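Chain letters run A, B, ... following the sequence lines, proteins first and then strands; every chain starts at 1. Every value quoted in this text rests on a predicted model; they were computed, and no experiment measured them. These values consider heavy atoms only, across backbone and side chains, with no hydrogens, waters or symmetry-generated copies.
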Amino acid sequence: MNQDSQFISRTIIEWYNHHKRDLPWRETKDPYRIWISEIILQQTRVVQGYDYYIRFVDTFPDIIQLADADEDQVLKLWQGLGYYSRARNLHTAAKQVRDNFKGSFPRTYEDILSLKGVGEYTAAAIGSFAFELPYAVVDGNVFRVLSRLFAIDTPIDTSTGKKLFTELANELLDTKQPGLYNQSIMDFGALQCVPQSPDCPNCPLSDKCMAYAQGKVSSYPVKQGKTKVKERFFNYLDIHYKNNTYIQKRTANDIWKNLYELPLIETGSELTLEELQQTQPFTDILQNAGNISIRPVSFTLKHILSHRIIYAKFYKIDITDDTLLKDRFIKIDKSQLDNYAISRLVDKYFEKQAKPDLFL
DNA sequence: AAGCCGGGGCA
DNA sequence: TGCCCAGGCTT
């Protein structure tokens with residue numbers, strides 16, 4: 001390690017000692033709790049994941065209790081956090097540890113990496129935080145800090161970019177205290193070397209920062225970018241019979257997999273009620289349902305995600321015969337709805353039903 | 001290599 | 001609006 005690298009590592013650790021955030025998962029060496037925190041924090045801000053972490057370790061104090069739980073319960077606990085494959089994989093990984101590692105969390109980089117939902121970043125994080133394994137983390141913060149420090153314009157969302165930054169990060173790694181170093185560079189990126197308008201004049205590394213010297217801090221890191229946003233059109237049927245409503249589980253490999261929702265008809269474009277009533281799925285669902293009365297809900301929910309815009313219409317439907325419906329869907333009392341994991345979109349619909357005056 | 005997967009905060 | 005967030009899996 002050359003002198004500049006050593007200066008950079010030491011400066012970042014020194015900065016961390018004065019500015020670090022106090023976070024509950026930093027007060028433990030328990031790999032289980034560290035793992036939970038890392039999965040929750042993937043593509044998720046600390047403020048958004050904090051309460052989920054507390055609830056998770058409170059509900060499942062150890063990995064065996066998590067492994068023995070139902071996936072529905074895990075997803076319910078995850079509800080609202082997004083990227084639900086994280087919850088499904090978390091549950092799978094808990095069972096991996098229970099069944100393949102005799103219930104004790106794996107201690108080598110390769111074994112940790114073998115867990116479902118754990119990639120190179122997360123394996124390095126868990127390995128260094130819990131076991132001081134000498135692997136540098138490379139996350140969004142590290143990409144940003146290193147690309148600016150060395151003015152690297154290789155796109156970070158390419159395989160060559162990932163390889164390049166991983167090598168560089170491992171050169172800078174303080175192998176005597178990898179856990180501390182990894183925490184330091186991530187907090188440094190999250191609080192000092194922030195994406196927008198960083199306070200470079202007050203940065204302890206400004207003298208070593210090539211991007212700052214060139215006055216081009218804002219142009220790093222470089223991304224190929226391009227995530228296209230596609231539109232989808234959902235028509236939800238809020239069907240009522242006595243005090244019951246009907247739901248189904250989304251089992252396809254699609255958004256919100258294994259969450260629950262109202263009976264859904266997805267269409268290629270926005271349809272009027274009259275057009276919707278002409279579709280095959282609609283007549284299928286409501287055939288032999290007796291006397292049917294349909295009331296369109298007055299609002300359309302526009303649900304914006306990073307790569308999708310979903311326009312959701314809702315129809316309140318009263319029926320007088322559910323002999324076919326109850327076989328096709330899950331029939332529940334409306335009060336039972338809280339027991340099922342649902343998407344924010346469906347959640348917002350029920351919120352607006354309960355408090356129509358509230359603007360959401 | 002590219003596409004997919006959520007939800008929210010911020011300028 | 002666009003960008004980003006302690007990324008990983010599937011195709």
Of A:Val46 and A:Asn89, whose nearest nucleotide on DNA chain C comes first from the 5' end? A:Val46

So A:Tyr135 and A:Tyr109, would you call those rings parallel, tilted or perpendicular, with 30° and 60° as cut-offs? parallel

In terms of the angle between their ring planes, are A:Phe233 and A:Tyr311 parallel, tilted or perpendicular, with boundaries placed at 30° and 60°? parallel

Let me have the donor-acceptor pairs involving side chains of residues 31-40 of chain A, under 3.5 Å, with sequence neighbours excluded, atom names and distances please.
residue: A:Tyr32; atom: OH; partner: A:Phe60; partner atom: O; Å: 2.7
residue: A:Ser37; atom: OG; partner: A:Ile34; partner atom: O; Å: 2.7
residue: A:Glu38; atom: OE1; partner: A:Tyr121; partner atom: OH; Å: 2.7

Counting only heavy atoms not in A:Lys242, do more than 12 sit closer than 6.0 Å to its NZ atom? no

Separation of the P atoms in B:dG6 and C:dT11, to the nearest angstrom: 15 Å

Is the count of non-hydrogen atoms from other residues, nucleotides or ligands lying under 6.0 Å from A:Lys20 atom NZ greater than 12? no

Base B:dG7 paired with A:Thr44 side chain (donor-acceptor, <3.5 Å): no

Residue mapping more 5' on DNA chain B - nearest nucleotide basis, A:Arg86 or A:Thr158: A:Thr158

Let me know the distance between CZ of A:Arg88 and P of B:dG6, rounded to the nearest Å. 7 Å

A:His307 side chain near B:dC4 phosphate (N/O to OP1/OP2, under 4.0 Å): no

Rounded to the nearest Å, what distance is computed from the CD atom of residue A:Gln43 to the P atom of nucleotide B:dG9? 16 Å

Heavy atoms from other residues, nucleotides or ligands near NZ of A:Lys216 exceed 12 (cutoff 6.0 Å): no

Taking the same atom, C1', in C:dG8 and in B:dG9, what whole-Å distance lies between them? 23 Å

What's the closest nucleotide to the side chain of A:Gln224 if the choices are B:dG7, B:dG8, B:dA2? B:dA2

Using only side-chain N and O atoms of A:Trp256, determine if any of them is under 4.0 Å from OP1 or OP2 of B:dG7. yes

Quick one: label A:Ser197 by what it contacts on the DNA or RNA (base, sugar-phosphate, nothing), any heavy atom closer than 4.0 Å. nothing

Does A:Arg10 CZ have over 12 foreign heavy atoms under 6.0 Å away? no

Atom CG of A:Leu305 and atom C1' of B:dG8: how far apart are they, to the nearest Å? 11 Å

At 4.0 Å (heavy atoms only), tell me whether A:Gly189 reaches a base, stays on the sugar-phosphate, or touches nothing. nothing

From CD of A:Gln42 over to C1' of B:dC4, roughly how many Å is that when rounded to an integer? 15 Å

Residue whose closest nucleotide on DNA chain B lies nearer the 5' end, A:Thr160 versus A:Arg308: A:Thr160

Identify whether any heavy atom of A:Arg45 sits under 4.0 Å from a base atom; if not, whether one sits that close to sugar-phosphate; answer base, sugar-phosphate or nothing. base

At a heavy-atom distance below 4.0 Å, which nucleotide of DNA chain C is the first touched by chain A, and which is the last? C:dC4 to C:dT10

Pairwise 5' ranking along DNA chain C for A:Leu115 and A:Asp187, keeping only the more 5' one: A:Asp187

I need the CG-P distance between A:Asn258 and B:dG6, as an integer number of Å. 11 Å

If we take the P atom in both B:dA11 and C:dA6, what is their distance in whole Å? 16 Å

What is the distance, rounded to the nearest whole Å, between atom CG of A:Leu301 and atom P of B:dG6? 17 Å

Identify whether any heavy atom of A:Trp25 sits under 4.0 Å from a base atom; if not, whether one sits that close to sugar-phosphate; answer base, sugar-phosphate or nothing. base

Please indicate whether A:Lys163 has more than 12 foreign heavy atoms, meaning atoms of other residues, nucleotides or ligands, lying under 6.0 Å from its NZ. no

Nearest-Å distance for atom pair NZ/P, residues A:Lys230 and B:dA2: 15 Å

Is A:Ile40 touching bases, backbone alone, or none of the nucleic acid, heavy atoms closer than 4.0 Å? nothing

Under the salt bridge (charged side-chain N to carboxylate O under 4.0 Å, His left out) rule, what do A:Glu270 and A:Lys313 come out as? Steps first, then yes or no, please. CA-CA 9 Å; A:Glu270 187 164 353; A:Lys313 286 189 167 183; 3.5 Å; yes

For a quick check of understanding: with a heavy-atom distance under 4.0 Å over all strands, which category does A:Gln183 fall into, base, sugar-phosphate or nothing? base

Nucleotide B:dC5, atom C1' - distance to CG of A:Asp254 in whole Å: 9 Å

For B:dC4, does OP1 or OP2 lie under 4.0 Å from any side-chain N or O of A:Lys228? no

